[in-house]
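Since the structure comes first, as structure tokens, the remarks are kept for the end.
First the proteins, then the strands, lettered A, B, ... as listed; each starts at 1. Keep in mind that the numbers below use all heavy atoms, side chains included, and drop hydrogens, waters and symmetry copies.
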Protein chains: 2
Amino acid sequence: MKAMGIKDIARLAGVSTATVSRALSNPDRVSDATRAQVMAVVQAHDYRANSQARSLRVQRTDTVLALVPNLGNPFFSEIIAGIQDSLAPAGVDLLVADTLTQQARRQSAVSHLQAARADGLICLDGALPADSLADLSTPAMRHRVVFACEWPIGRDFPSVRSDNRAGMQLAVAHLLEHGHRDFALLAGPPGNVLTRERLAGAREALAQAGIDLPESRIDGHSFEIADGFAAAARLMQGPKPPTAILCLSDQLAIGCMSGLGRMGISVPGDVSVIGFDDIALAAYSSPPLTTIRQDRRGLGRIAAQRLLDGLSGRTTDEAPAPRPTVLPITLVQRGSTARAKR
Amino acid sequence: MKAMGIKDIARLAGVSTATVSRALSNPDRVSDATRAQVMAVVQAHDYRANSQARSLRVQRTDTVLALVPNLGNPFFSEIIAGIQDSLAPAGVDLLVADTLTQQARRQSAVSHLQAARADGLICLDGALPADSLADLSTPAMRHRVVFACEWPIGRDFPSVRSDNRAGMQLAVAHLLEHGHRDFALLAGPPGNVLTRERLAGAREALAQAGIDLPESRIDGHSFEIADGFAAAARLMQGPKPPTAILCLSDQLAIGCMSGLGRMGISVPGDVSVIGFDDIALAAYSSPPLTTIRQDRRGLGRIAAQRLLDGLSGRTTDEAPAPRPTVLPITLVQRGSTARAKR
DNA sequence: ACGGTAAATGTAATCGTTTACCCGGGCAGG
DNA sequence: CCTGCCCGGGTAAACGATTACATTTACCGT
């Protein structure tokens, strides 16, 4: 039994294909009687219009593509969930691709758009290759793409992000209030825009307090937990170890605390640790992690909304440089920070 | 500038559309000279065939759909990553949908397949509504679907899963060896097939040792961390608390340890805790979590591979009841389990 | 009664590919 | 030199929907 086509439905309902199509997508353009008749047949056979044919005709796929740096990293799943929050009610589907595997296939990040497979793109990876970025900058593509969480440096794409600088300033202020003067910092990947912003925010806040953050006190090369674990040992081995460690991700912080624990160093007794993100586990680590909360789900939700707006043409030829949407962050105080030991 | 079509390429290269199409998909059916000429034009304009049109013609989308219970749960991201591992090399795209939001829209889980939007389905949700299950059971759909991780009870679908029973038997054996006799168990959602299997495995192993697991010693209603935290207090309040807690997920275990810590109960000094899954954080909790490792990435990878096999027709009309692929599990011993206190 | 208008439906072009079929020319075997 | 075959390539018919345009019918005002 092959799948039913609109022709079959038309024949069974005794009308033309045009009428069937109208009954389904423009219900008020056919008479009540006809509509009922068509619907009956449609229901009876559970007919569903072939979406390829429809897309071909209307030049729209009702699908957007999410480009994720690494699907294996659970950090992104919550953003994806937020994207779905906005997309699902609009009847838009989500296609996900991993920039790791995509690059391995030497496939342009935007080939999906060019192949008309997706109407728009939500990119969670700020480190797209230059040629992909160039492809996305054409006027035809401008309103079809938005960056979420990360964004490419020096390009004017619409983007949604957390207030990373303010976040680190909050973190530093919190620790200063608790009497800390000796800081260390666990950074993420060197080229990463989040590393850059958060590092800058921290430096700024420390400088205002007249505190210097020497290179020797900066460690970490990824946002991963294992990196935090390894860095902990290095950070504490100097003659005058820090009393507070600023971590640019919760995973780093949790790894770091784990490492400190292994060395017999007490958190927050000997050293305070603060994270960034507020992932689900932060509340349940031991000690519970003080951290900077960013609304990952909101990031996804708003990014998707902005994309949908752009696609519907409501935002056509916007101002030359679209303003990034910056989401507020908050500090959530738990048990990993305390007054500095004297 | 509208997107280039195959017609434009044909004109520019001075050949017919048929030749262009052949040059791209059947390179050895055109002469070297012509192919070069076509390719030049293709490269120059970065032409990409419209995938809707192609799909419509060839009746294949090269896309599969993954149905995830809850995208916000990071547990699934690793499985998704595994799916991508298999899909990407085959040039197949991944569409993801969330059964939570989908159900809210009252959309049949299989409408994507019926609408020819995807060739196949990988379902990570064992609790699909009965009508969806029925739709998937038609001969036309049989070879287009595979379940991963979870599976629907009492239906014969191809599936890939971990050896959940054996996993719990390993866990119980490990604790018995360490002299434990007083057990408690933190279960997942009541109807869930994983809960059922793991619980059965635990009961079986305990029964063999002549140990009973009373209902009063079973707690937990989800796999979530918060649930583990809350259950810890309840579990320990009786007159003769357990010395070992079997948790049906790592999240439960971590939440549980966090709760125990809050009560001043030492792990593994006072009570041993064992998890299930071996998520990334298990190695970095304090104490590091002893757990049953299941290969989530492998689950996804193999499920996707099985689906691709099914789609390519290599496995047409398989035996009546397709055997589930069962992946082995292992116990990884860390710091959360120790000899029972006497 | 008649022309005009709007509502309901049908006819057929269209979206951009792939591919079945056809055709012409070169070449090998007789 | 003829015959048949293969090879390279063109023509046009699908694929399954949407929709501009045409057509029919009913109704209304004069």
Distance, rounded to the nearest Å, where B:R117 contributes CZ and D:dC15 contributes P = 22 Å

Donor-acceptor under 3.5 Å (A:D295 side chain, A:G298 main chain) | yes

Return the value, rounded to whole Å, for the distance between atom CD1 of B:I9 and atom C1' of C:dG16.
-> 12 Å

Could you pull out all residues at least two apart from B:F157 that satisfy ring-ring contact (aromatic ring centres under 6.0 Å, His included)?
-> B:F147

Got a donor-acceptor contact below 3.5 angstrom from the A:S25 side chain to the A:S21 backbone?
-> yes

What is the distance, rounded to the nearest whole Å, between atom CE of B:M4 and atom P of C:dC15?
-> 16 Å

Compare side-chain N and O positions of A:T19 against OP1 and OP2 of C:dG10 and report whether any pair is under 4.0 Å apart.
-> yes

Sub-3.5 Å donor-acceptor pair from the side chain of B:R301 to the main-chain atoms of B:D85, do we have one?
-> no

Comparing A:S31 and A:T17 on DNA chain C - which has the more 5′ nearest nucleotide = A:S31

Any donor-acceptor pair under 3.5 Å linking the side chain of A:Q84 with the backbone of B:V96?
-> yes

For B:S55, which residues count as a side chain to side chain contact (heavy atoms under 4.5 Å, CB included) partner, sequence neighbours excluded?
-> A:Q52, B:T61

Do A:H112 and B:D93 get their side chains close enough for a donor-acceptor pair, meaning under 3.5 Å?
-> yes

With the side chain of B:S21 defined as its heavy atoms from C-beta on, choose the nearest nucleotide among D:dA17, C:dT19, C:dG10.
-> C:dT19

Only counting residues at least two apart or in another chain, list the ones meeting side-chain hydrogen bond (donor to acceptor under 3.5 Å, both in side chains) with B:R60.
-> B:D62

Let me know the distance between CZ of B:R22 and P of D:dG10, rounded to the nearest Å.
-> 8 Å

Is A:R35 reaching over with its side chain to a backbone N or O of A:A23, donor-acceptor style, under 3.5 angstrom?
-> no

Check the distance between C:dT17's P and B:N26's CG and give it to me in whole angstrom.
-> 17 Å

Round to the nearest Å and state the distance from B:D28 atom CG to D:dC6 atom P.
-> 17 Å

Whole-Å distance, B:K7 NZ to C:dT17 P, equals 9 Å

Phosphate oxygens OP1/OP2 of D:dA17: is one of them under 4.0 Å from a side-chain N or O of A:Y47?
-> yes

Degree of bending in the helix from C:dA1-D:dT30 to C:dG30-D:dC1 once both end axes are built from five pairs, to 10° = 40°

Where the side chain of A:I6 is defined as all heavy atoms beyond and including C-beta, which of D:dT11, D:dT18, C:dG16 is the nearest nucleotide?
-> D:dT18

Looking at every strand, decide which applies to A:A18 at a 4.0 Å heavy-atom threshold: base, sugar-phosphate, or nothing.
-> base

For the side chain of B:S159 and the backbone of B:A148, is there at least one donor-acceptor N/O pair under 3.5 Å apart?
-> no

Is there a side-chain polar atom (N or O) of B:S16 under 4.0 Å from OP1 or OP2 of D:dT11?
-> no

Contacts to DNA chain D from residues 51-60 of chain B, heavy-atom cutoff under 4.0 Å, which residues?
-> B:L56, B:R57, B:Q59

Inter-residue atom distance B:R48.CZ - A:R117.CZ, 0.5 Å rounding = 12.0 Å

Separation of B:N50 atom CG from C:dT17 atom P, in whole Å?
-> 6 Å

Name every residue in residues 34-41 of chain A that has at least one heavy atom under 4.0 Å from any atom of DNA chain C, in order of residue number, or write none if there are no such residues.
-> A:T34

A:S86 side chain to A:I83 backbone, donor-acceptor under 3.5 Å | no

